[in-house]
K.L.:
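Dropping a structure here in structure tokens format, bear with me for questions.
Just so it is clear: chains get the letters A, B, ... in the order the sequence lines come, proteins before strands, and each one is counted from 1. Hydrogens, waters and symmetry mates play no part in the numbers below; they use all other heavy atoms, side chains included.
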Protein chains: 2
Amino acid sequence: MPASRQRPTVRQLEYVVAVADHLSFSAAADVCGVSQPALSTQVREVEQRLGLSLFERGRGGVSVPDHAVAVIDAARRAIRAVDDVADAAVDLQGELVGPVRIGIIPTMAPYLLPTLVRELRRRHPRAEPALTEERTDELVRRIELGELDLGLLAAPVPSDSLASIPVAIDEFHLALGEDHPYAGEGSLPSGVLAGLPVLLLEDGHCLRDQAMDVCATAGASTDGAIQGTSLTTLCQMVSAGGGVTLLPASALEVEARPGSGLVTRSLRDPRPSRTVVLAWRDRSPLAAMYAAFGDAIAPALQAACPTT
Amino acid sequence: MPASRQRPTVRQLEYVVAVADHLSFSAAADVCGVSQPALSTQVREVEQRLGLSLFERGRGGVSVPDHAVAVIDAARRAIRAVDDVADAAVDLQGELVGPVRIGIIPTMAPYLLPTLVRELRRRHPRAEPALTEERTDELVRRIELGELDLGLLAAPVPSDSLASIPVAIDEFHLALGEDHPYAGEGSLPSGVLAGLPVLLLEDGHCLRDQAMDVCATAGASTDGAIQGTSLTTLCQMVSAGGGVTLLPASALEVEARPGSGLVTRSLRDPRPSRTVVLAWRDRSPLAAMYAAFGDAIAPALQAACPTT
DNA sequence: GGCGTCGATAGCCTTGCCCTATGCCCGCAT
DNA sequence: ATGCGGGCATAGGGCAAGGCTATCGACGCC
């Protein structure tokens, strides 16, 4: 009885990848939207068809044996290849259709997302945006894996399998409590940072690193700087008199509106900024369409990042 | 009601590719081993899910509109990617398991196939060889597409997406009717070809081109040479006194055995030959295993190509 | 030592897929 | 012109793959 090879189902491959990602059958089943027994059965089925065991079930949960990683990677590629078929189909509609999964870094999401979604709806009415907030590293990883279609983040993009185009320059302003000595009008030289207690985001945010760069350039030390978990939190700490912070221009309207207790002043010499980019998997069948979309929305996004 | 994107089935993709290949629903259904209505339904289903029509049904049969070729190519890639999962699994078994689809060019098949299959069975007892006889171009195309796993053919391999290793040197001998003036023992200088009516295979066989090269080098003309459809036919024509031909050493035992009415003499100055290579898709997960296999069987295949 | 968690197994059922039969439209030939 | 045949679409019934609930066995933890 020859064990003629059988092709695994795409769904089965998804199950396998989900288990590998979560190292748990129950969690994987949950993510896949099926019951745990259904997933267990299918995974077992795949293992049988492939003639080897993909997971070690045992004490301390599930683990992936070394020899299985190649198979699981192949499964990821296969799933993406199948999805690419649908993308190739969408491509020649001339517009984006169906789910468009967009990831945005947390320091842009609240401020640029409305513009982004408005532009998407306007230019691609049949697209169905699905939004996620992730930090740069996770965002890039998920785009590479094909779990996300587009990313809005700050240059540089730490990946060589992603394509991207700049869509806006987002200048950093200095945010001060309204009773701070520097509160006032007009711009300040960046050098003033050297003498100020700058509040930073917690580690992992790219804005934190950019702010630290700005401080270093200005000759300011960031040792022992207090950390916040979001720009909103930072702003509240600033308005409570806890120091100053750097705020991207895109956030000004939301975070430093009149009555917020915050005053912002632009900086000069140098004038610090971050570059907002739209990114996608460069091998995606929709790469050209994403590029055109990025190109088209750049003015709107730049308008959301007021320049002085 | 948002038309949330749905993933096509691998089987559905196969149907689509089959229709594109045969430009006929009935023929495609036949190849896929299902009824025509079943295939029609599934193809329609795919078109619906992708939101576009992949084929023009109409007068004069089925045609593929320009815009659909990208999608169909993506489908081919997807199918191959899924198959690669199974191959990746086989790879780490340490041996070939399940179907191994091998293509051999017609001028090697009858003579080298037995050795090849014997070696495959010996080294990979759980492999299930499936053999096809194709000329070089078609062979290469089908390996590239993933329709074949291995190819046995003559160097050079006209593709840069295929890997290959030489497994034997197969010398060309001169085959003569046993009453031919040159019939005898020992070797002849290649130059004698210049004065002989050399029978060639019909166009499309690589051996024909190689033989013509040999003749050209020897200063012989091949204009108006008579053509045969197989080496066996050529040999029968030769033994009937219709001329001479070039015969690879691997074919000697079968075609020029005593009683065949054929005499063969080796050639020198130069000593013409073809290089037998084993080839595979270089991106295949099993590439390393194929290379090892080729390496391992080279001695046995060389033994099947007796050298003088 | 009982309990909670996690994966495997059992039994039932839904549904996706395939088959046969048939209809429709075309080109072609009588 | 009309009947015939090839080719794809449609209809309806059947089977089996795959899903769900319920339950069990193993293990770790309080």
K.L.:
Does anything in residues 13-26 of chain A come within less than 4.0 Å of DNA chain D? Heavy atoms only, and list the residues if so.
P.N.:
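Here the set is A:Y15.
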
K.L.:
Are the charged groups of B:E144 and B:R141 less than 4.0 angstrom apart, N to O?
P.N.:
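Looking at B:E144 and B:R141, the cut-off is not met.
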
K.L.:
Among residues at least two apart in sequence or on other chains, which ones pass side-chain contact (heavy atoms from CB on, under 4.5 Å) with B:R283?
P.N.:
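B:R283: side-chain contact (heavy atoms from CB on, under 4.5 Å) contacts with B:R281.
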
K.L.:
Defining pairs by Watson-Crick or G-U wobble geometry with both distances under 3.5 Å, how would you list the stems of DNA chain C with at least three pairs each?
P.N.:
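So far as stems of 3 or more pairs are concerned, DNA chain C shows C:1-30 with D:1-30.
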
K.L.:
Could you work out which one of D:dT10, C:dC17, D:dG18 sits closest to the side chain of B:T9?
P.N.:
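When the side chain of B:T9 is considered, C:dC17 is the closest of D:dT10, C:dC17, D:dG18.
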
K.L.:
Taking atom C1' of D:dA11 as reference, at what distance in whole Å does atom CZ of B:R44 sit?
P.N.:
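Interatomic distance, CZ of B:R44 to C1' of D:dA11: 14 Å.
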
K.L.:
Who pairs with B:E202 by side chain to side chain donor-acceptor pair (under 3.5 Å), at least two apart in sequence or on another chain?
P.N.:
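B:E202 satisfies side chain to side chain donor-acceptor pair (under 3.5 Å) with B:R135 once adjacent residues are dropped.
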
K.L.:
Going by ring pair (Phe, Tyr, Trp, His ring centres under 6.0 Å), name the pairs with one or both residues in residues 62-99 of chain A, residues two or more places apart or in two chains.
P.N.:
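Every candidate ring pair (Phe, Tyr, Trp, His ring centres under 6.0 Å) pair involving residues 62-99 of chain A fails, so no pair, neighbours aside, qualifies.
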
K.L.:
Tell me the interatomic distance from A:L39, atom CG, to C:dA8, atom P, rounded to whole angstroms.
P.N.:
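Taking CG of A:L39 and P of C:dA8, I get 9 Å after rounding.
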
K.L.:
Roughly, in whole Å, what's the span from CZ in B:R7 to P in C:dG16?
P.N.:
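Atom-to-atom, B:R7 to C:dG16, this comes out as 16 Å.
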
K.L.:
To the side chain of B:S40, which of D:dG18, D:dC8, C:dC18 is closest?
P.N.:
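Among D:dG18, D:dC8, C:dC18, the one nearest the side chain of B:S40 is D:dC8.
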
K.L.:
Looking at B:R123, I'd like to know if its CZ atom is crowded, meaning that more than 12 non-hydrogen atoms belonging to other residues, nucleotides or ligands lie closer than 6.0 Å.
P.N.:
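More than 12 heavy atoms, drawn from other residues, nucleotides or ligands, come within 6.0 Å of this atom.
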
K.L.:
Parallel, tilted or perpendicular for B:W280 and B:Y290, by the 30°/60° rule?
P.N.:
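The arrangement is tilted - the two ring planes meet at 30° to 60°.
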
K.L.:
Given atom CD of B:Q12 and atom C1' of C:dC18, what is their separation to the nearest angstrom?
P.N.:
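About 13 Å, once rounded to whole Å.
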
K.L.:
Thinking salt bridges, do A:R44 and A:E47 make one under a 4.0 Å N-O criterion?
P.N.:
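Looking at A:E47 together with A:R44, the answer is no, because their closest N to O distance does not fall below 4.0 Å.
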
K.L.:
For nucleotides 20-25 of chain C, read 5' to 3', which letter fits each nucleotide if B means a protein heavy atom sits under 4.0 Å from the base, S means only the sugar-phosphate is that close, and - means neither?
P.N.:
BB----

K.L.:
What is the separation between atom CD on B:E56 and atom C1' on C:dC26, rounded to the nearest whole Å?
P.N.:
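Going from CD in B:E56 over to C1' in C:dC26 covers 16 Å.
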
K.L.:
Rounded off to whole Å, could you give me the CZ-to-C1' distance for the A:R11 and D:dA17 pair?
P.N.:
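Taking CZ of A:R11 and C1' of D:dA17, I get 12 Å after rounding.
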
K.L.:
Are A:D149 and A:L286 packed together at the side-chain level, in the sense that at least one heavy-atom pair is separated by less than 4.5 angstrom?
P.N.:
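Not touching, per the 4.5 Å side-chain cut-off.
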
